[in-house]
Number of protein chains: 2
Amino acid sequence: MNIGAIARVSGLTTEAIRYYEGIGLLPAAKRGANGYRVYSGVDIARLIFLRQARKVGFTIDQCRQLRNLYENPRRKSATVHALVANKLVEVEQHIHELENMRRVLSELISACSNDEQAGCAIIDSLAGSAASDHLGKAKT
Amino acid sequence: MNIGAIARVSGLTTEAIRYYEGIGLLPAAKRGANGYRVYSGVDIARLIFLRQARKVGFTIDQCRQLRNLYENPRRKSATVHALVANKLVEVEQHIHELENMRRVLSELISACSNDEQAGCAIIDSLAGSAASDHLGKAKT
DNA sequence: TGTAAACCTTATAGTAGCTATAAGGTCAAG
DNA sequence: CTTGACCTTATAGCTACTATAAGGTTTACA
Ligand SMILES: [Zn+2]
Ligand SMILES: [Zn+2]
Ligand SMILES: [Zn+2]
Ligand SMILES: [Zn+2]
């Protein structure tokens, strides 16, 4: 199985797979006589594992920790649990930041007259109302 | 007013301000006799504007468009409105992606026994259940 | 058999939006 | 007069890849 084939079954790109190998997230693949990387079933599982982890938001570094647990038969379920619970908190924080942005954007949109005029509540609001006398009047 | 002072009032870092100038998002600042950048009221408004725009999620490129509108007295409110409405859609898409991650992470956490054992539903699930016979049994 | 497409290889540069570092010059306080 | 807080530029680093260049290999098919 060459890199293109395993890319298709794992859902990663060939470039990503080579990149993971380069940074040591994956072990160096075996090579065929022609120098091509050769993969087998155990590699498929590893790649799918990484793909899934990335998809739910784990960073490369966190994926490295997950991989260590994945490959350690003496791991404890609780260690894995803690890692995932941490990630959940991170994702929720990220969601809250974006929800704040969404709220502000909605408010801006509501305030805007959305017409042909130059005056715009969005512009005024972003500039900070105090600075709405913005152009041409410098006070050093 | 030097760069440190305007950084404090605008909420940007000095490095970010110099970076914005370098990429042309800000006009080149005037310089004092010593070569230091010198800022005035009009610059404060511009920096606060950029800071606010970045805070609600606009990219540098979108900030450039917003800045053009901000500085164009013949702009139309509707143009600004469209830009912000677009950004709102982008932010909502980002939120939905993260909500998906959150859902999957929650499911993983619920399935995990969270104890001292090596068997872990999270590991199994990430590897794709079909690959749960993962280590040591290669089939090419 | 020739050749063109579809693979594979490496190395390097680019993306976004900064932050950090190095190696200096300037200014205000004690 | 020295210490520390500023300021300057240029350059490298960060994340997680993607894109490009410049090749070598394999497969298909006319
Ligand atoms: Zn408007
Ligand atoms: Zn995000
Ligand atoms: Zn939603
Ligand atoms: Zn578990």
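Order of the sequence lines fixes the chain letters, A, B, ..., with proteins taken first and strands second; residue numbering starts at 1 for each chain.
- Of all nucleotides listed (D/dC7, D/dT9, D/dC17), D/dC7 comes nearest to the side chain of B/Thr14.
- Note on A/Arg18: a side-chain N or O is less than 4.0 Å away from OP1 or OP2 of C/dT9.
- Checking A/His96 against A/Glu99 by side-chain atom types alone, a donor-acceptor pair falls below 3.5 Å.
- Listed pair A/Thr13 / D/dT18 meets the phosphate criterion, a side-chain N or O lying under 4.0 Å from OP1 or OP2.
- Residue B/Glu21 contributes atom CD, which lies 14 Å from atom P of D/dC7 at whole-angstrom precision.
- When the side-chain nitrogen and oxygen atoms of A/Arg37 are compared with OP1 and OP2 of C/dT10, one or more of them lie within a distance under 4.0 Å.
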Could you list all N or O pairs between the protein and nucleotides 27-30 of chain C that sit under 3.5 Å apart?
residue, atom, partner, partner atom, Å
C/dC27, OP1, B/Asn34, ND2, 3.2

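- A/Glu15 places its CD atom 7 Å from the P atom of D/dA19, with the value rounded to the nearest Å.
- Separating the CG atom of B/Leu47 from the P atom of C/dC18 is a distance of 12 Å, rounded to the nearest angstrom.
- Remark: A/Thr59, A/Ile60 in residues 55-65 of chain A come within less than 4.0 Å of DNA chain D through at least one heavy atom.
- Computed from coordinates, the A/Asn2 CG to D/dT25 C1' distance equals 11 Å when rounded to whole Å.
- Between A/Glu97 and A/His94, the side chains place no donor N or O within less than 3.5 Å of an acceptor N or O (distance only, hydrogens not considered).
- Look at A/Tyr19 and you won't find any side-chain N or O under 4.0 angstrom from OP1 or OP2 of D/dT15.
- Remark: A/Arg31 is in phosphate contact with C/dT10, judged by side-chain N or O atoms under 4.0 Å from OP1 or OP2.
- Taking atom CD1 on B/Ile3 and atom C1' on D/dT8, their separation rounds to 10 Å, with Å as the unit.
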